[in-house]
K.L.:
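Below is a structure I'd like to ask you about.
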Amino acid sequence: ILSLEAEAQARGVEHLELQSPHDDVGFYEHLGYTNKGTTHAKIGFATVELVNMSKTISKAASAKSKQKPRQKVYQYIKHLL
């Protein structure tokens, strides 16, 4: 995800949106994504509930962050262990 964010920022993208299973919401929130509510998606014959997540990745927003994103990921992984 960090590589995707870096590539998007390099291309001038300022805002990312994704849909996450409920089990992964904590991971994305730890990386700075905001929960924007739920949605439903049809996958095959099943309908699943997903969480809409978004994050602003502009350089100005990144400058406000006190930690590097990679450090945040490592801290989150350590928290899970």
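Please read these numbers as outputs of a predicted model, since none were measured by experiment. FYI, the numbering just counts along the sequence from 1.
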K.L.:
Can you measure from CG (L31) to CG (L2) and round to the nearest 0.5 angstrom?
P.N.:
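Rounded to the nearest 0.5 Å, the CG-CG separation comes out at 6.0 Å.
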K.L.:
Could you walk me through whether N35 and Y28 pass the side chain to side chain contact (heavy atoms under 4.5 Å, CB included) test, one step at a time?
P.N.:
CA-CA 9 Å; N35 183 331; Y28 289 110; over 6 Å; no
K.L.:
Quick one: OG on S20 to CD on E29, what's the gap to the nearest 0.5 Å?
P.N.:
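Here the interatomic distance stands at 9.0 Å.
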K.L.:
Distance from Y33 atom OH to T56 atom OG1, nearest 0.5 Å?
P.N.:
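It comes to 10.0 Å.
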K.L.:
Could you state the interatomic distance from OG1 (T38) to CG (L50), rounded to the nearest 0.5 Å?
P.N.:
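These two atoms lie 9.0 Å from each other.
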K.L.:
To the nearest 0.5 Å, what is the distance between OG on S54 and CD on E17?
P.N.:
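Taking OG in S54 and CD in E17, the distance rounds to 6.0 Å.
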K.L.:
Test V51 against H22 for side chain to side chain contact (heavy atoms under 4.5 Å, CB included), laying out the working first.
P.N.:
CA-CA 6 Å; V51 179; H22 282 280; 3.5 Å; yes
K.L.:
Considering only NZ, NE, NH1 and NH2 on the basic side and carboxylate oxygens on the acidic side, decide whether E5 and K55 come within less than 4.0 Å.
P.N.:
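Yes, this pair counts.
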K.L.:
Calculate, to the nearest 0.5 Å, the distance between atoms CD and OG1 belonging to Q19 and T39 respectively.
P.N.:
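Result: 5.5 Å between the selected atoms.
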